[in-house]
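Computed from a predicted structure; not experimentally measured.
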Amino acid sequence: MTDAASPQTATPARDKRFLDIAARAALRAAGDVEPNPMVGAVIVKGGAVIGIGHHRRFGDLHAEREALADCLRKGHDPAGATVYCTLEPCVHHGKQPPCTDALIEAKVGAVVFARPDPAEVSRGGIEVLRRAGIEARLSDASPLATRLSDPFIHRVTTGLPWVVAKWAQTIDGRIATRTGESQWISGPMSRRRVHRLRARMDAILTGLGTVTTDDPMLTARGVRRVRRPCRRIVLDRDLDISSESAIVRTAHDTPTSIVVNKDLLTSGIVETRRDELEQLGCEFIGVPEYLDSNGRLRLDMLLEALAGEYGVTNLMVEAGPGLLGSLFEADLICEAVVYVAPLLLGDAEAMAAATGRIAERLSEGRRFDLCRVKRVGQDVELTYRRVRDEARGTRNSE
């Protein structure tokens with residue numbers, strides 16, 4: 001009888017303990033494995049961990065094979081052991097052979113995983129393992145391990161990138177004064193954490209208002225290693241961005257795209273302006289407007305283009321209340337990272353985090369789960385995730 005099959009050892013607490021370890025190992029590769037999922041694996045025998053592995057880089061060994069290799073390096077035999085992994089082992093031949101083959105060859109006794117694989121080419125590992133006589137079961141005991149695969153599963157089921165909205169606010173929920181002053185609400189430690197977050201994103205989206213008011217660079221600075229060449233994307237439907245802005249001036253050094261009204265972009269009206277910005281290193285993405293003539297670009301179609309044409313898996317949004325409000329209205333925000341500073345303005349005209357929505361009842365709000373709370377210097381970092389219905393690839397309405 002294996003560890004996982006024994007009534008004395010197969011408990012939610014045990015599952016949580018080892019799946020947590022697997023998830024923490026997987027997180028080491030954030031920004032290195034996309035568009036693949038972050039995956040971690042732990043091999044346990046006799047109650048002791050005998051091997052740990054994680055998918056380190058896109059194209060490299062998957063977590064289960066890394067854990068088996070670690071086990072053998074340490075002189076342990078994985079036969080009969082229980083493997084805890086954050087995602088259902090894959091069954092397809094891609095850049096690496098199927099993980100199920102390696103587990104079967106190693107004669108492990110059981111596999112416990114935190115999330116089924118929804119991808120058509122790779123799912124079905126649980127059936128393959130069971131046919132080989134290996135106990136395989138799903139466990140939701142570790143919220144960390146379960147949430148780890150959210151960005152991957154979201155992209156597979158919706159075709160859209162995982163959108164992370166970031167902002168800093170006062171205690172009373174204001175991101176800037178009535179005159180637009182916002183630098184700096186959060187403290188230096190929070191700002192360093194934002195740079196580390198940028199360093200593992202595929203792209204950062206902002207609006208023309210933020211570019212005009214703050215003139216940001218939107219690059220990861222002061223970090224040990226930039227894991228992704230992050231593309232900067234500016235929403236500017238009328239192509240009004242200044243050539244002297246920091247983003248345009250550095251477009252030759254950092255990939256930069258400007259999102260413009262599709263009809264305007266293909267007309268001759270902005271031809272000279274377009275040529276000027278192209279010479280400065282900018283690229284363009286044409287997106288249609290909504291048919292109701294309210295002047296808003298189709299953000300859902302923008303996200304589809306980013307995922308399809310640029311391979312964006314993780315998109316960070318650093319923008320003002322208008323763009324954030326539009327993204328929330330379209331229900332395109334997957335995660336929110338909020339820094340709350342020990343400052344209160346008490347000014348009704350100071351800027352809120354998101355505007356433009358009409359919500360007469362609390363039930364019309366967008367409800368999020370609070371996933372993480374961390375003190376960062378004098379600030380508090382709050383991480384929220386939108387409630388999702390995986391079966392339909394959509395979010396639940398509140």
Side-chain angles (χ1 to χ4, degrees), residues 26-38 55-59 150-152 154-155 159-168 183 186 190-212 214-236 241 245-260 277-278 280-285 287 299 302-320 323-324 327 332-339 381 383:
L27 283 168
R28 299 171 188 165
D32 286 327
V33 300
E34 291 81 359
N36 282 354
M38 292 181 289
H55 185 33
R56 296 175 181 273
R57 191 176 296 276
F58 180 73
D150 279 350
F152 169 73
H154 178 74
R155 183 179 59 80
L160 301 177
W162 182 260
V163 180
V164 181
K166 185 281 303 179
W167 69 85
Q183 298 178 346
S186 59
S190 295
R191 298 199 293 276
R192 285 197 294 271
R193 287 183 64 83
V194 170
H195 281 279
R196 289 199 293 270
L197 183 59
R198 288 176 181 172
R200 60 177 188 263
M201 289 285 158
D202 295 299
I204 299 176
L205 173 66
T206 192
L208 178 64
T210 299
V211 172
T212 302
D214 297 338
D215 196 24
M217 287 283 290
L218 297 183
T219 54
R221 303 183 297 280
V223 297
R224 185 180 303 173
R225 179 168 68 91
V226 176
R227 302 187 178 201
R228 306 242 110 189
C230 190
R231 176 175 293 274
R232 301 173 301 185
I233 302 166
V234 181
L235 200 67
D236 179 14
I241 192 169
S245 64
I247 283 180
V248 173
R249 286 189 288 104
T250 57
H252 278 302
D253 303 319
T254 304
T256 303
S257 296
I258 302 175
V259 184
V260 187
L277 290 170
E278 281 182 339
L280 292 171
C282 296
E283 300 176 21
F284 300 96
I285 303 174
V287 177
L299 295 175
L302 168 62
L303 296 190
E304 288 178 6
L306 293 178
E309 297 178 23
Y310 294 97
V312 173
T313 296
N314 293 299
L315 173 67
M316 186 173 175
V317 180
E318 297 193 54
L323 179 52
L324 278 176
L327 288 164
L332 295 171
I333 301 292
C334 306
E335 181 175 333
V337 179
V338 184
Y339 294 91
E381 180 188 80
T383 303

Can you see which heavy atom on Gly159 is nearest to which on Ala307, and at what distance?
O-CB, 3.4 Å

What pairs with Ser190 under side-chain hydrogen bond (donor to acceptor under 3.5 Å, both in side chains), at least two apart in sequence or on another chain?
Asp379

What distance separates Leu197 CG from Asn314 CG, expressed to the nearest 0.5 Å?
9.0 Å

Once you round to the nearest 0.5 Å, how far does CG of Leu235 lie from CG of Leu327?
8.5 Å

In this structure, CD of Glu278 is separated from CZ of Phe284 (nearest 0.5 Å) by 5.0 Å

Test: salt bridge (charged side-chain N to carboxylate O under 4.0 Å, His left out). Region: residues 305-318. Which pairs qualify, not counting sequence neighbours?
Lys166-Glu318, Arg198-Glu318

Can you check whether Leu280 reaches Thr256 side chain to side chain, under 4.5 Å on heavy atoms?
no

Do side-chain atoms of Arg191 reach the backbone of Ser186 as a donor and acceptor pair under 3.5 angstrom?
yes

Sequence neighbours excluded, the answer for side-chain hydrogen bond (donor to acceptor under 3.5 Å, both in side chains) partners of Arg231 is Ser257, Glu283

Is there a side-chain contact (heavy atoms from CB on, under 4.5 Å) between Leu218 and Thr210 once you walk through the steps?
CA-CA 11 Å; Leu218 297 183; Thr210 299; over 6 Å; no

Excluding sequence neighbours, so at least two apart, what forms salt bridge (charged side-chain N to carboxylate O under 4.0 Å, His left out) with Arg225?
Asp32

Salt bridge (charged side-chain N to carboxylate O under 4.0 Å, His left out) filter on Arg193, not counting sequence neighbours, yields Glu381

Side-chain touch Ile285/Leu306, heavy atoms, less than 4.5 angstrom:
yes

Is there a side-chain contact (heavy atoms from CB on, under 4.5 Å) between Arg232 and Thr206? Walk through the geometry before answering.
CA-CA 8 Å; Arg232 301 173 301 185; Thr206 192; over 6 Å; no

Between Asp215 (side chain only) and Ala246 (backbone N and O only), is there a donor and an acceptor less than 3.5 Å apart?
yes

Does the side chain of Thr219 reach to within under 4.5 Å of the side chain of Cys230, using non-hydrogen atoms?
no

Is a donor on one side and an acceptor on the other found under 3.5 Å between the side chain of Arg221 and the backbone of His195?
no

To check you understand the geometry: which heavy-atom pair defines the closest contact between Val211 and Ser245, and what is its length?
CG1-CB, 3.9 Å

Nearest 0.5 Å, what's the CG-CD1 distance between Leu324 and Ile333?
6.0 Å

Spacing of Ile233 atom CD1 and Met316 atom CE [to the nearest 0.5 Å]
13.0 Å

Nearest heavy-atom contact between Phe152 and Asn36 is CD1-C, 4.4 Å

Is Asp202 reaching over with its side chain to a backbone N or O of Thr313, donor-acceptor style, under 3.5 angstrom?
yes

Return the CG to CD1 distance between Leu277 and Ile258, rounded to the nearest 0.5 Å.
4.5 Å

Are Leu160 and Leu315 packed together at the side-chain level, in the sense that at least one heavy-atom pair is separated by less than 4.5 angstrom?
no

Just jot down the salt bridge (charged side-chain N to carboxylate O under 4.0 Å, His left out) partners of Arg200, sequence neighbours excluded, or say none.
none

